[in-house]
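Numbering starts at 1 and runs along the sequence shown. Scope of the values below: all heavy atoms of this structure, side chains included, with no hydrogens, waters or symmetry mates.
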Amino acid sequence: QVQLAESGGGLVQAGGSLRLSCAPSIRTFSRYAMAWFRQAPGKEREFVAVGRWSGGLTDYADSVKGRFTIFKDNAKSTVNLQMNNLKPEDTGVYYCAAGPIISRLTVPYDYWGQGTQVTVSS
């Protein structure tokens with residue numbers, strides 16, 4: 001069983017930046033695909049970014065490509081999402097997820113965090 005704890009959400013103006021952090025309960029998670037999803041009110045959960053560092057692979061949703069970066073902090077054993085040039089449409093609850101394969105779908109991910117709120121004001 002892997003537990004995931006997100007942090008770093010908050011309120012920011014459009015054009016600003018936030019960094020989200022996901023701390024898995026296991027120290028070595030390179031064999032997992034670690035992803036970020038988000039869910040806006042009244043909408044389905046959608047893929048944001050994923051990384052699997054055993055293969056050096058990352059993938060991003062088109063809507064965040066060039067603005068968001070997913071990366072692993074080896075010193076802190078966390079997976080982070082650096083979000084720059086934020087837009088009001090980035091508002092939502094952001095969830096960290098872990099699973100065996102890289103996917104843009106929610107189904108393959110076995111473990112989920114509780115989520116952290118990101119609100120971008122215009």
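Checked by atom type and distance alone, the side chain of S25 pairs as donor or acceptor with a backbone atom of Q3 at under 3.5 Å. For R67 (side chain) and N85 (main-chain N/O), a donor-acceptor pair under 3.5 Å exists by modelled atom type. Of the possible donor and acceptor atoms, one in the side chain of E6 sits under 3.5 Å from a partner among the backbone N and O of G115. Proximity of a side-chain donor or acceptor of S54 to a complementary backbone N or O of S30 within less than 3.5 Å is detected. Checked by atom type and distance alone, the side chain of R104 pairs as donor or acceptor with a backbone atom of Y60 at under 3.5 Å. Counting only distance, with no hydrogens or angles, the side chain of R52 and the backbone of P100 share a donor-acceptor pair below 3.5 Å. Of the possible polar contacts, none joining the R38 side chain to the E46 backbone as a donor-acceptor pair under 3.5 Å is found. Judged by distance alone, with hydrogens and angles left aside, the side-chain atoms of S103 form a donor-acceptor pair with the main-chain N or O of L105 at under 3.5 Å.
Defined by atom type and a distance below 3.5 Å, a donor-acceptor pair is missing between the side-chain atoms of E89 and T91. No hydrogens or angles considered: a donor-acceptor pair under 3.5 Å links the side chains of K72 and N74. Under 3.5 Å, the side chains of Q82 and N80 contain no donor-acceptor pair of N or O atoms.
At a threshold of 4.5 Å between non-hydrogen side-chain atoms, the residues T69 and L81 do not count as touching. Residues Y94 and M83 have side chains in contact (heavy-atom distance under 4.5 Å, counting atoms from C-beta outward). Side-chain contact between V50 and W36: absent, with no pair of heavy atoms (C-beta onward) separated by less than 4.5 Å. Residues M34 and C96 form a side-chain contact, since some pair of their non-hydrogen atoms from C-beta on lies under 4.5 Å apart. Annotation: side chain of L18 is in contact with side chain of L86 (closest heavy-atom distance under 4.5 Å). Put simply, the side chain of F68 does not reach to within 4.5 Å of the side chain of N84, judged on heavy atoms. The side-chain heavy atoms of T116 and Y95, taken from C-beta on, include no pair separated by under 4.5 Å.
The shortest non-hydrogen separation linking Y32 to A98 is CD2-CB, 4.3 Å. Among all heavy-atom pairs drawn from T78 and P24, the shortest one is CA-CD, 4.4 Å. Listed here is the closest heavy atom pair of G9 and V118: CA-CG2, 4.2 Å. I102 and A33 get closest at one heavy-atom pair: N-CB, 3.8 Å.
Under a 4.0 Å N-O distance rule, the pair D62/K65 qualifies as a salt bridge.
The OG atom of S63 sits 8.5 Å away from the NZ atom of K87 when rounded to the nearest 0.5 Å. Atom CD1 of residue I26 and atom CG of residue L4 lie 8.5 Å apart, to the nearest 0.5 angstrom.
For F37, the ring pair (Phe, Tyr, Trp, His ring centres under 6.0 Å) criterion is met by F47, Y109, W112, not counting sequence neighbours.
The aromatic rings of W53 and F29 stand perpendicular to each other, their planes meeting at an angle above 60°, with 30° marking the opposite boundary.
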